[in-house]
2 protein chains.
Amino acid sequence: MRIPTRLKVKMNAKAQPSIIPRSLDAQVADLLRNEILSGALSPGSRLLEVDLSDRLNLSRGTIRSALQQLTYEGLVVQFPYRGCIVAGLTAQDAWELYTLRNALESLAARLAAETMTLEKAAVLEAALQELIQTTKTADWQAIADADFALHTTIFQLSGHRRLQQQYQIVGHQIRLYIASCNALQADLPEIVAQHIDLVKAICSGDANLAEQIAREHNTEGQALIDQLQAVEDNPAQDPPRI
Amino acid sequence: MRIPTRLKVKMNAKAQPSIIPRSLDAQVADLLRNEILSGALSPGSRLLEVDLSDRLNLSRGTIRSALQQLTYEGLVVQFPYRGCIVAGLTAQDAWELYTLRNALESLAARLAAETMTLEKAAVLEAALQELIQTTKTADWQAIADADFALHTTIFQLSGHRRLQQQYQIVGHQIRLYIASCNALQADLPEIVAQHIDLVKAICSGDANLAEQIAREHNTEGQALIDQLQAVEDNPAQDPPRI
DNA sequence: TAATTGTAGATTGTCAACAATCTACAATTC
DNA sequence: GAATTGTAGATTGTTGACAATCTACAATTA
């Protein structure tokens, strides 16, 4: 038997992004994730392995692997022997997502503040300015992107890989919900003001304050949950789309 | 084309546990997870698909699926075209795990306290008594099990599915570390006292207090991180096992 | 007619073989 | 002798086919 002594991670990525070998199933997962988050595949849509393998000219095994990955990420739900559908979120799910994000972000804000430097502050400020710019437009998709980017930046600055990873997953599910309901009708000026406060606190290096602000700022989430709860209680149009 | 109208979750589980159909890959994942957490497979061990498929008389595809699941859970690390190994945790990992668990548990404690009932309190009390009993022995495995069971109970009482799921994953990784290092040499009476405080706060329904106690009680984690850091800084025996 | 049973088609679960890639070691070159 | 190159074996990545299971609808029965 051959026993390799080296089994280490390659650290030299990013140099030639076009030559990075990425397994086919990972690429399929990326593709489907984009289609789901952009709304091209709406919640409840069936994901047939044969259809996908025909469309992408890949075998069913590769598709299956991608669907399994997306199931872990909470964007797809699997039913044994019956197939996969794009996840649809209930009020309970929305509540879980926003409370979980809140807890994660409190920790991220604290850690980012504790390790704040001038460079980090500049990066964070840039993300904030980007969000402020987009809010002056009515492009909700762009606003959601900028919002997600700002939060992602905070998690990156925390230096906590698992925290980043978790936020990525939770954030994707939140975007899935927003995309599916065309919600996000929250109070923009209020949201912007809260983000400014949060960034300011993190950049100041006051970990306690940053954590506290991150924990208390959750208006978008609450607004969305309330709206979703109202829709569920009122069975007017059962399938919003499809 | 056939379009099924029903695609809903079966709610009637638990009735006949022995007849519940569980896919082979899930069973393999369970098996390997147990072997990893029990220490039978130590960190760094190679997981060869052919070996496993020979041992379990299953195809490589089924094994691959199980390994993908364990990779998502953080118990296994995959290297493209080179295979899988049981994850080994660094000081950074331990720090991430304990800080993340702390954040998750703060939320769980708050939610459990907010929805406390007499029945829930009884369940929680029982788990606490079980832990207290085991600490009177020197069976570290049993103590770790009881500790994990108590925390799991708190998360179950939170009524937050994603929180439960996340804790499961984080908890498994923590147990992997403990098993691999035979650590857990923390101050038992102190730990017991902290758990008693936490349970008492949750059962009292004081959400703020429960959250605060959960956030501040982290001595086991800090002790383990310090120990691991010391081991890493002192490159005495590079491979502890194998 | 309502409920049950049986059958066909569709779809996923599993498998075994082929292709691509990696590691280690030997052969070659300077 | 050190560095480079080539080769063989081992291992994973991918594929297409077969088996197991589910859904829907038709046939049967009370």
Side-chain angles (χ1 to χ4, degrees), chain A residues 1-13 16 19-32 41 44-72 76-87, chain B residues 1-13 16 19-32 41 44-72 76-86 242:
Chain A
M1 184 196 288
R2 200 68 62 80
I3 301 179
T5 53
R6 279 196 307 140
L7 254 184
K8 296 181 181 175
V9 188
K10 285 181 185 172
M11 300 302 287
N12 52 346
Q16 293 128 344
I19 317 182
I20 289 179
R22 190 153 173 69
S23 64
L24 291 181
D25 55 357
Q27 294 184 49
V28 173
D30 292 344
L31 179 77
L32 292 178
L41 288 171
S45 303
R46 297 197 65 187
L47 297 167
L48 271 74
E49 297 178 0
V50 215
D51 288 358
L52 291 169
S53 65
D54 286 349
R55 179 155 77 95
L56 304 175
N57 273 95
L58 292 168
S59 86
R60 266 188 53 225
T62 306
I63 305 294
R64 272 177 80 76
S65 182
L67 289 176
Q68 192 176 353
Q69 161 109 21
L70 293 174
T71 300
Y72 296 146
V76 162
V77 184
Q78 270 183 318
F79 300 92
Y81 284 103
R82 274 178 288 177
C84 295
I85 60 172
V86 178
Chain B
M1 184 196 287
R2 201 68 63 81
I3 301 175
T5 53
R6 279 195 307 140
L7 254 184
K8 297 182 180 175
V9 187
K10 285 182 186 173
M11 300 302 284
N12 52 345
Q16 293 127 345
I19 318 183
I20 289 179
R22 191 152 173 69
S23 65
L24 290 181
D25 54 356
Q27 294 184 50
V28 173
D30 292 344
L31 179 78
L32 291 178
L41 288 169
S45 303
R46 296 197 64 186
L47 298 168
L48 271 74
E49 298 179 0
V50 219
D51 288 357
L52 291 170
S53 64
D54 286 349
R55 178 155 77 95
L56 304 175
N57 272 95
L58 293 169
S59 88
R60 267 188 53 228
T62 306
I63 305 294
R64 274 179 78 76
S65 182
L67 289 175
Q68 190 177 348
Q69 159 104 24
L70 294 174
T71 299
Y72 173 75
V76 162
V77 185
Q78 269 183 319
F79 301 92
Y81 283 103
R82 273 177 288 177
C84 294
I85 60 172
V86 177
I242 298 173

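Hydrogens, waters and symmetry mates play no part in the numbers below; they use all other heavy atoms, side chains included.
Atom CG in L56(A) sits about 11 Å away from atom P in dT15(D), given to the nearest Å. The interatomic distance linking R60(B) (CZ) with dT14(D) (P) rounds to 11 Å, in whole Å. Note: CZ (F79(A)) to C1' (dG13(C)) measures 17 Å, nearest angstrom. Per the geometry, CD1 belonging to I85(A) stands 15 Å off P belonging to dT11(C), to the nearest Å. For D51(A) and dA10(C), the CG to P distance is 12 Å, given to the nearest whole Å. Per the geometry, CG belonging to L24(A) stands 15 Å off C1' belonging to dG16(D), to the nearest Å. Atoms CZ (R46(A)) and P (dA10(C)) sit 12 Å apart, rounded to a whole Å. One can place CG of D54(A) at 10 Å from P of dG16(D), the figure rounded to the nearest angstrom.
Residue contacts for L47(A): at a heavy-atom cut-off of 4.0 Å it reaches the sugar-phosphate backbone alone, with no base atom in range. Within the nucleic acid shown, I63(B) has no heavy atom closer than 4.0 Å to any nucleic acid atom.
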Using the side chain to side chain donor-acceptor pair (under 3.5 Å) rule, take Q68(A) and Y72(A) through it: C-alpha gap first, then chi angles, then the decisive distance, then the call. CA-CA 6 Å; Q68(A) 192 176 353; Y72(A) 296 146; 2.6 Å; yes
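Looking at L47(A) and V76(A), their side chains come closer than 4.5 Å, going by heavy atoms from C-beta outward. Looking at T71(B) and V77(B), their side chains never come closer than 4.5 Å, going by heavy atoms from C-beta outward.
Taking only side-chain nitrogens and oxygens, T62(A) never comes nearer than 4.0 Å to OP1 or OP2 of dG13(D). Within the 4.0 Å cut-off from OP1 or OP2 of dG13(D), at least one side-chain nitrogen or oxygen of R64(B) is found. Contact annotation: R82(A) does not reach the phosphate of dT21(D) (side-chain N/O to OP1 or OP2, under 4.0 Å).
Among dT14(C), dT12(D), dC22(D), the nucleotide with an atom closest to any side-chain atom of Y81(A) is dC22(D).
The CD1 atom of I63(A) sits 9.5 Å away from atom CG of L24(A), with the distance rounded to the nearest 0.5 Å.
Of all heavy-atom pairs between L32(A) and L52(A), the closest is CD2-CD2, 4.0 Å.
The pairing partner recorded for dT7(C) is dA24(D), the criterion being a Watson-Crick or G-U wobble arrangement whose two distances lie under 3.5 angstrom.
Comparing N57(A) and E49(B) by the nucleotide of DNA chain D that holds the closest heavy atom to each, the one mapping nearer the 5' end is E49(B).
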